[in-house]
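Take a look at the structure set out below.
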2 protein chains.
Amino acid sequence: MIYIRRMLTRSEEDHLKAIYGLQQAGPSAFTKDIAERLSTKASSVTDMLKKLADKGFVKHAPYHGAALTPKGRRQALMLVRKHRLWETFLVQRLGFGWDEVHEVAEQLEHVSSEKLIERLDDYLDHPAYDPHGDPIPDRDGRLPERATRLLADCDVGERVRFTAVQDGSDALLQLLDSKGLGIGMVLLVRGREVFDGSLELVPKQGPACTVSVQVARHLLITPVHA
Amino acid sequence: MIYIRRMLTRSEEDHLKAIYGLQQAGPSAFTKDIAERLSTKASSVTDMLKKLADKGFVKHAPYHGAALTPKGRRQALMLVRKHRLWETFLVQRLGFGWDEVHEVAEQLEHVSSEKLIERLDDYLDHPAYDPHGDPIPDRDGRLPERATRLLADCDVGERVRFTAVQDGSDALLQLLDSKGLGIGMVLLVRGREVFDGSLELVPKQGPACTVSVQVARHLLITPVHA
DNA sequence: ATCATTATTTAGGCATGTCTAAATTATGAT
DNA sequence: ATCATAATTTAGACATGCCTAAATAATGAT
């Protein structure tokens, strides 16, 4: 039995990723939502869904949306992996801002080389989260635990890793920058102001700072066991 | 007057680069040679030449080959720049071997982001030569002086930069690796064996070594003034 | 249950980039 | 100068991925 590795086109990859993204919110992805994500028309999406279904990446229930097959999900996770690793590279190594990387990563993720992506992963020290705090699947498609707790709900004395920003406006991102807070940092919750509940934080490296409850409600964390 | 930046397709870019490559050897590039480089057919190349001529990148003299216009050359130089910078990145940062990078760089060079390529150039410290010793155009398309002198012709006491390998077989590349010699290294020619003319070399960093005349005749260098 | 509305699919068309086969042009040997 | 040969271009076809417009299916309000 010979398996021919069939290269996916850029457009096919884009569709898989869009479906994956939409399935984070629900069990299946609807044609019009896919079309909107990709800035195309619904009829074009239908065509592509048929093709992807033929190739076994997608289960297409006409008029009722599409869902990834296990094979399709694997493919999508690899794309997400590539996208987020490149974003990490752009920010951590090339000094891009959080907000400048998406478009470029969108192109880089379609470069196809197993070796390249594994070397990049090594070079970046196997990051678990990208610069936006989104989890990076490992080479087998496993996702690290997603952050679900809010910094605002932490107790004094807890040690946590700041892993994501929820609904972050540019203003919020800039505020965090100005306080020296960045994704991936380990923080000790040193204290809590009685009057307004604001939190006193001590980063593992860098100066201590204070954030308001309003801000802390946008910051997702995972506990650090150590 | 509004200039619309017209994005080139991947195929258009490939053709420009092929023509550029062939023009290194002669004044114009012939249809069949372009076709051979790109693994397509001559008729496909003709179509593309007409298109590129319409867009002003190429001067096409039917039956007599094609030549880049200044605009086409600028475009081609930027592609060469991207290709060689990515090759440098793959080898110097990700630990790829000299011989493994071409195909991947071929994909990466088509990623379009002015900022990306300038940041990459900064990150790599503005290398003048890629891992094969080929010159990297700067952001304005200027090429560093190409190495023309052979190490074999150097005098004792000269300080030179090893910039390229001419007609390098895999065996030769491996021999160089084993002696710790790599593209870009600055070498002092410390001595010369009277009996067989072999050269004693002292790298700026790393252990001294000796290479035979046969080997030295394949190594291109540029003088280092310092 | 019907119907207006919305989502989706189908049908048919178009641009791109490739191909094969046929026609045309250039070239070098005689 | 002619002609066989090689290179090139032209003509016509096809797959891909997109579009618009029309037909069809699902949905929710009445």
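Numbered from 1 within each chain, the chains take letters A, B, ... in sequence-line order.
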Grab the [atom1]-[atom2] distance between [X] and [N] for me, whole Å please.
| X | N | atom1 | atom2 | answer |
| --- | --- | --- | --- | --- |
| His15(A) | dT16(D) | NE2 | C1' | 13 Å |
| Tyr63(B) | dA6(D) | OH | C1' | 12 Å |
| Phe30(A) | dA26(D) | CZ | C1' | 11 Å |
| His64(B) | dT9(D) | NE2 | P | 10 Å |

**OP:** May I ask you to evaluate whether His60(B) reaches the phosphate of dT9(D), defined as a side-chain N or O under 4.0 Å from OP1 or OP2?
**Re:** yes

**OP:** Considering just the side-chain nitrogens and oxygens of Ser11(A), establish if one lies under 4.0 Å of OP1 or OP2 belonging to dC18(D).
**Re:** yes

**OP:** Measure the spacing between CD of Glu13(B) and CG of Leu52(B) and express it to the nearest 0.5 Å.
**Re:** 10.5 Å

Subject >> Contact summary for Ala105(A) and His83(A), nearest pair of heavy atoms >> reply: CB-CE1, 3.6 Å

Original post:
How far apart are the closest heavy atoms of Asp138(A) and Met78(A), and which atoms are they?
Top reply: O-CE, 3.6 Å

Subject >> Sequence-distant partners of Thr69(A), side chain to side chain contact (heavy atoms under 4.5 Å, CB included), two or more places apart >> reply: Lys71(A)

**OP:** Could you tell me which residues satisfy side chain to side chain contact (heavy atoms under 4.5 Å, CB included) with Arg10(A), sequence neighbours excluded, listed by chain and number?
**Re:** Asp14(A), Glu106(A), Gln107(A), His110(A)

Original post:
Is the shortest side-chain N to carboxylate O distance from Glu114(A) to Arg139(A) below 4.0 Å?
Top reply: no

Original post:
Between residues 31-50 of chain A and DNA chain D, which residues have a heavy-atom gap below 4.0 Å?
Top reply: Thr40(A), Lys41(A), Ser43(A), Ser44(A), Asp47(A), Met48(A)

